[in-house]
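Here the structure comes first, spelled out in structure tokens, and everything after it is commentary.
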Amino acid sequence: MTKLWKKYILWFAQEHVDFRVAEFESIVKLFGLQFRNLSEHRLKPFWLVEFPNDETAHQYASRSIALRSIIELYSHAHTFPEFHKQLQNHVHLHQGALKEFFKANSFKVTVETYNKHFSQREKVEKIETMDYLPIEGAVNLKNPQVEWWYLEFWGLDPTAVPAEPEDILFGRMLVHGQRHLIKQLSLKQRKFIGNTSMDAQLSLLMANQALVRDGDLVFDPFVGTGSLLVSAAKFGGYVLGADIDFMMVHARCRPSRITQKVRDKDESIRANLQQYGCANRYMDVLVADFSNPLWHRRITFDSIITDPPYGIREATEKVETKVNPKDNTRTADMAHYPSTSHYALHHLYADLLEFGATHLKLGGRLVCWLPFHREDYNETIIPQHTHLRLVANSEQPLAGNTARRLLTYEKHMEYIKEEKLNENSNDTQLTTAVSQNFRERYFNTNGEIESRQERRMRKAALREQGRLEMEMRGKLPSDGRAKKCDLNKARFN
């Protein structure tokens, strides 16, 4: 049977390269596809694979975000003589199957080179070297019936371009990937966004790695503005979210667009899904504290996709009862605003994995981000749980020396409470040592870790030093903070 398989070129966008393999393996599992690798280098934009038929290739392309297009491979070689020999042999051996494409009414030949630029004249010369192809139709550059693609790969390093191309390929364009969704779901045109709204491309990749199918129940426990819900709903999932931030969930927080002074009245997470035609997939969003369990044990989700707060742009908070030495003067009809405290990252991720182990269906996936400092990274800092298996781990660099990893867990055994992870295990301790100081280290990348009080004292000392230097130069320093306080007092007097 495998002798009848066809060879294809998977042409990927050279963006978020580390996520490629994880998305490919997820889509293969989602549809139960069969394939065989013909090339092992996963950093190249061109992969060579074998699928049983064109339908399999179309299925993969129907979900892939990293994929630009799939091209049916006719010839692949490392030298020009070998390339032309293989192409001529392929045309001769399959002339019956290729006859309908060569005799199409219109066609277009496109020359694409990676890591090397060629002029239009040079591209035409490359096309003319394949004048032995029995193409009979008319040239149509705008809307051709058949598209032929000639590809050259000149390495990955732009500072060390080889004298000859490493790979030369030719084939027929079969199908394009789903990269049009990146522009369609772009945050630039979205109704309701915030400071931490997830980029459309990454949210779509997360939905793919979560194996979101039509009719799945998808939950985001740190929903924010609902960016991950939009992508999950676009792939057919019914979406549900929760967040501790009342103002964010109700779209009453400060606008994040610099040109917007106040929120529009119709801004909401539901409005985002309505904007993309997914309103029928929206279930609800709740104001809830993730650290305090809310859900009944019988409730199960097909997927959990989330981006927990890191304490940088959004605070990591949980509801906590605080002892007040003053007399309680509250009455029953007064509104209650619960007190919040810091939600340490290592506690947050321990709760998140425990929640996933409890409420995911067997085989369901938890997809989440983990922030870290690059010099601290090793496999021991990755949170683990007895009932969840880590199936993917991809890195995205962030500002400075920080990065974050997209972790994909799959529930591989039914949850038994007695087998809950010991919170004093080595994994928990190592995660604690690295994660709990992420915010402090983020703002102190060039020095030792310092507390907020130490930072305030250091900055106050620097201001005092600057004031003394100005006095020595004969300048009168102005106390901007005092002026601001005076202005604020004047507003209420």
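Computed from a predicted model, the values in this text were never measured in an experiment.
Side-chain contact, Q260 with R254: no donor N or O sits under 3.5 Å from an acceptor N or O. Side-chain N/O atoms of Q396 and H16 include no donor and acceptor closer than 3.5 Å. T225 and R190 share no donor-acceptor pair across their side chains, judged by distance under 3.5 Å alone.
Ring geometry for F355 against F219 counts as tilted: the plane angle lies between 30° and 60°, on a 0 to 90° scale.
Residues H359 and R297 come closest through the heavy atom pair CE1-CA, 4.1 Å. Closest heavy-atom contact between E317 and D289: O-OD1, 4.3 Å. Across A392 and A22, no two heavy atoms sit closer than the pair CB-CB, 3.8 Å. Closest non-hydrogen pair, A210 versus I305, comes out as CB-CG2, 3.4 Å. The minimum heavy-atom distance linking P309 with L345 is given by the pair O-CD2, 3.5 Å. Looking at every heavy atom in both residues, H412 comes nearest to T386 through NE2-O, 3.0 Å.
Residues Y282 and I269 have side chains in contact (heavy-atom distance under 4.5 Å, counting atoms from C-beta outward). The side-chain heavy atoms of N393 and I382, taken from C-beta on, include a pair separated by under 4.5 Å. At least one side-chain heavy atom of S341 sits less than 4.5 Å from a side-chain heavy atom of K318. Side-chain contact between S203 and V230 is absent, with no heavy-atom pair separated by less than 4.5 Å. Two residues are said to be in side-chain contact when any heavy atoms from C-beta on lie closer than 4.5 Å; L187 and S227 meet this criterion. Counting heavy atoms from C-beta on, the side chains of S197 and F192 never come closer than 4.5 Å. Contact of the T56 side chain with the Q34 side chain is not registered, since no non-hydrogen atoms from C-beta on lie closer than 4.5 Å. Side-chain contact between V287 and H250: present, with at least one pair of heavy atoms (C-beta onward) separated by less than 4.5 Å.
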Original post:
Hey, mind stepping through E410 and R365 against salt bridge (charged side-chain N to carboxylate O under 4.0 Å, His left out) and telling me if it holds?
Top reply: CA-CA 4 Å; E410 186 171 289; R365 287 193 170 186; 3.0 Å; yes
**OP:** Just do the side chain to side chain contact (heavy atoms under 4.5 Å, CB included) check on K411 and M413 with the steps written out, would you?
**Re:** CA-CA 6 Å; K411 184 174 179 179; M413 59 186 296; over 6 Å; no
**OP:** Start with the C-alpha distance between Y60 and Y8, add both sets of side-chain angles, then the distance that settles ring-ring contact (aromatic ring centres under 6.0 Å, His included), and finish with yes or no.
**Re:** CA-CA 12 Å; Y60 171 70; Y8 300 90; over 10 Å; no
**OP:** Tell me, with the steps shown, if E354 and Y415 meet side chain to side chain contact (heavy atoms under 4.5 Å, CB included).
**Re:** CA-CA 9 Å; E354 180 69 14; Y415 180 78; 2.2 Å; yes
Original post:
Would V391 and Q209 count as a side chain to side chain contact (heavy atoms under 4.5 Å, CB included) if you check the C-alpha gap in whole Å, the side-chain angles of each, and the deciding distance to 0.1 Å?
Top reply: CA-CA 10 Å; V391 295; Q209 291 187 209; over 6 Å; no
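E25 and K29 are not joined by a salt bridge, as no carboxylate oxygen comes within less than 4.0 angstrom of a charged side-chain nitrogen. The pair K361-D302 meets the salt-bridge criterion, since a charged nitrogen lies less than 4.0 angstrom from a carboxylate oxygen.
Taking CG from L370 and CG from L407, the interatomic distance works out to 5.5 Å, rounded to the nearest 0.5 Å. Taking OG1 of T316 as the reference point, atom OH of Y310 lies at 12.0 Å (rounded to 0.5 Å). Of the inter-residue distances, the one linking T300 atom OG1 with L217 atom CG reads 7.5 Å to the nearest 0.5 angstrom. One finds the OH atom of Y349 at 6.0 Å from the SG atom of C368 (value rounded to the nearest 0.5 Å). Atom CZ of R458 is separated from atom CZ of R463 by 10.5 Å, given to the nearest 0.5 angstrom. Of the inter-residue distances, the one linking R404 atom CZ with L202 atom CG reads 6.0 Å to the nearest 0.5 angstrom.
Among F19, F24, W47, the one residue that satisfies the ring pair (Phe, Tyr, Trp, His ring centres under 6.0 Å) test with F12 is W47.
In terms of the side chain to side chain contact (heavy atoms under 4.5 Å, CB included) criterion, residue partners of L294 (sequence neighbours excluded) are, by chain and number, L286, A288. Here Q465 pairs with L462, E469 under the side chain to side chain contact (heavy atoms under 4.5 Å, CB included) rule; sequence neighbours left out.
At distances below 3.5 Å, not a single donor-acceptor pair connects side-chain atoms of E23 with backbone N or O atoms of N208. Of the possible polar contacts, none joining the S186 side chain to the K183 backbone as a donor-acceptor pair under 3.5 Å is found. In this structure a side-chain-to-backbone donor-acceptor pair under 3.5 Å is missing from R42 to R20. Not one N or O on the side chain of E72 forms a donor-acceptor pair closer than 3.5 Å with the backbone of D54. Side-chain atoms of N53 come within 3.5 Å of backbone N or O of E55 as a donor-acceptor pair. Not a single donor-acceptor pair under 3.5 Å links the side chain of D264 to the backbone N or O of D266. One N or O on the side chain of S394 and one on the backbone of D18 form a donor-acceptor pair closer than 3.5 Å. Remark: side-chain polar atoms of T402 are paired, donor with acceptor, to backbone N or O of A399 under 3.5 angstrom. Side-chain N or O atoms of N37 include none that pairs as donor or acceptor with a backbone N or O of S39 at under 3.5 Å. When atom types are taken as modelled, the side chain of R270 and the backbone of E267 share no donor-acceptor pair closer than 3.5 angstrom.
Note that R405 lies in the cation-pi zone of Y377, set by a 6.0 Å cut-off to the ring centre and a 45° limit from the axis.
Ring to ring, Y343 and F290 are not that close: their centroids are 6.0 angstrom or more apart.
Few gaps surround CZ on R213; more than 12 heavy atoms of other groups in view lie less than 6.0 Å from it. For E464, the CD atom counts as densely surrounded, since its 6.0 Å shell holds more than 12 non-hydrogen atoms of other residues, nucleotides or ligands.
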Name each donor-acceptor pair under 3.5 Å that joins a side chain in residues 234-246 to protein atoms two or more places apart or in another chain, with its distance.
| from | atom 1 | to | atom 2 | distance (Å) |
| --- | --- | --- | --- | --- |
| K234 | NZ | Y276 | O | 3.3 |
| Y238 | OH | R281 | NH1 | 3.4 |
| D243 | OD1 | D245 | N | 2.9 |
| D243 | OD2 | V223 | N | 3.4 |
| D243 | OD2 | G224 | N | 3.0 |
| D245 | OD1 | M247 | N | 3.1 |
| D245 | OD1 | M248 | N | 3.2 |

